[in-house]
Amino acid sequence: MSAPTVPSRALDIEAAAALPVTPVRRPWQWSASAVVIVLLALLLVSVAGNSNMGWPVVGDYLFDADILHGIGWTVLLTVVCMALAVVIGVVVAVLRTSGNRALSAAASLFVWFFRGTPLLVQLIFWFNLALVFPELGPAMFFGQGAGGIDTNDAIDWFTAALLAFGLHEGAYMAEIVRGGFLAVDRGQIEAAESIGMTSGQLLRRVLLPQALRVIVPPSVNQFVNLFKATSLVAFVSGLDLLSAVQHIYATNYEVVPLLIVASLWYLALVSLATLGQHVLEKRLNQGYGHARVQERKNPKEAAA
């Protein structure tokens, strides 16, 4: 019997593995990295030794009860508004991709308006909605004698922020979700329709599971931006982190140290959100690109 032949691809990989590997020298990159590190170290030393930064005041207020209370409101507002934005985004994305022209046009108009107007303008408008509609309910359509509830009692700072952030982020999420839907192969949709799946089943079992890998990264970016955008409620007398900081430095005049406290907490919250993004992306990417990773780890086994 003749000896079994070895595939040419395996021979090429074995020959390439036997060649000596010479690292590419990049002296300019090393020099630039050293300069950047030195400048960064000098900046850190300058900031740490600057008495105008008020580091003792930062330490005193970093875990202050009012600061922690503001952090709680910031986290609550961010999570609730993002959940509302996700629901709005999915609904609007489904409407935009529907075959009904009226619904698609209405969804496009929603995205155009709430994505095109400044978030601060929307927040101030909702907070001052009583100037347009003194009462909510039938009085909005038939006049004040028709009855309703007082708008000032119904719209406080939290409700105004919920409406402004939820609708604004919902417009962005609609485009993110729509992009995820468009990333799903058309053949998957046609296959689902050929076996008699309804629109709801197609959305739950085909579109959303496959689109999540595309939707998650930009969605977490929006979540991070929303964490910082909640500071805008300070303009409507909110109770968030920045509002708490403003109330404190309005009495002790330690503006810079208190702003540093707010910045450190925002950085901590954003870092936690980024860590959650990495964990979620790793879980969603399981099973994708496995063959390429395996080939890089064990070229002989992949060639066989």
Min side-chain heavy-atom separation Leu129-Leu136 under 4.5 Å: yes
field: CG-CG distance between Leu95 and Asn100, expressed to the nearest 0.5 angstrom
entry: 8.5 Å
task: Would you mind reporting whether Ile248 and Ile67 have side-chain heavy atoms less than 4.5 Å apart?
output: yes
- prompt: Within a strict 4.5 Å, meaning less than it, do heavy atoms of the His168 and Arg115 side chains meet?
  reply: no
message: Looking at Thr151 and Ala130, would you say the former's side chain and the latter's main chain have a donor-acceptor pair under 3.5 Å?
response: no
Validation row, ring centre Trp157 to ring centre Trp126 under 6.0 Å: no
query: Is any side-chain heavy atom of Thr159 less than 4.5 Å from a side-chain heavy atom of Phe127?
result: no
task: Grab the two heavy atoms, one from Leu232 and one from Leu123, that are nearest each other, plus how far apart they are.
output: O-CD2, 3.4 Å
statement: In terms of heavy-atom contacts, Leu162 and Leu84 come closest through O-CD2, 3.9 Å
- prompt: Okay, side chain of Asn128, backbone of Leu131: is any donor-acceptor separation there less than 3.5 Å?
  reply: no
field: Heavy-atom closest pair, residues Gly180 and Ile215
entry: CA-CG1, 4.0 Å
query: Is a donor on one side and an acceptor on the other found under 3.5 Å between the side chain of Ser46 and the backbone of Leu43?
result: no
task: First locate atom CD of Gln246, then atom OG of Ser237, and finally report the distance between them rounded to the nearest 0.5 Å.
output: 9.5 Å
query: If you group Ile, Leu, Val, Met, Phe, Trp and Tyr by side-chain heavy-atom gaps below 4.5 Å, do Leu264 and Tyr266 land in one group?
result: yes
message: Is it the case that the ring center of Tyr249 lies less than 6.0 angstrom away from the ring center of Tyr253?
response: no
query: Does one hydrophobic cluster hold both Val80 and Val75, with members joined at side-chain heavy-atom distances below 4.5 Å?
result: yes
- line: Closest non-hydrogen contact found for Ile88 with Phe110 is CG2-CZ, 3.7 Å
query: Would you say the side chain of Leu68 lies within less than 4.5 Å of the side chain of Ile71, judging by non-hydrogen atoms?
result: yes
field: Close side-chain approach of Ser231 to Leu241, heavy-atom, < 4.5 Å
entry: no
query: Are the aromatic ring centres of Phe63 and Trp265 under 6.0 angstrom apart?
result: yes
message: Are the side chains of Cys81 and Glu169 in contact, using a 4.5 Å heavy-atom criterion?
response: no
Point-to-point distance, once rounded to the nearest 0.5 Å, from CG of Asn252 to NE2 of His247: 13.0 Å
- prompt: Which atom pair, heavy atoms only, marks the closest approach of Val245 to Ala262?
  reply: CG2-CB, 3.8 Å
- prompt: What is the distance from atom NZ of Lys228 to atom OG1 of Thr74, rounded to the nearest 0.5 Å?
  reply: 14.0 Å
task: State, without any angle test, whether Arg178 and Thr97 hold a side-chain donor-acceptor pair at a distance under 3.5 Å.
output: no
- prompt: Linking I/L/V/M/F/W/Y whenever their side-chain heavy atoms sit closer than 4.5 Å, directly or via other members, would Val87 and Met82 fall into one cluster?
  reply: no
task: Would you check if there is a donor-acceptor pair between the side chains of Tyr172 and Asn221 at a distance under 3.5 Å?
output: no
query: Out of curiosity, Ser219 OG to Leu280 CG, how far, rounded to the nearest 0.5 Å?
result: 9.5 Å
message: As a quick check of understanding, evaluate side chain to side chain contact (heavy atoms under 4.5 Å, CB included) for Met53 and Val58, giving each step before the final call.
response: CA-CA 8 Å; Met53 304 296 288; Val58 173; over 6 Å; no
- prompt: Which pair of non-hydrogen atoms, one from Ala164 and one from Leu119, has the smallest distance, and what is that distance?
  reply: O-CD1, 3.8 Å
task: Please answer whether the main-chain N or O of Leu259 pairs with a side-chain N or O of Ser263 as donor and acceptor at a distance below 3.5 Å.
output: yes
query: Are Met173 and Val214 linked, directly or through other ILVMFWY residues, by side chains that come within less than 4.5 angstrom of each other?
result: no
task: Spell out, yes or no, whether Leu207 and Leu182 are grouped together once hydrophobic residues are joined by side-chain heavy atoms under 4.5 Å, including indirect joins.
output: no
message: Within this structure, what is the CD-CZ distance for the pair Gln122 and Phe113, rounded to the nearest 0.5 Å?
response: 6.5 Å
- prompt: With side chains defined as the heavy atoms from C-beta onward, is the minimum distance between Glu135 and Ile149 less than 4.5 Å?
  reply: no
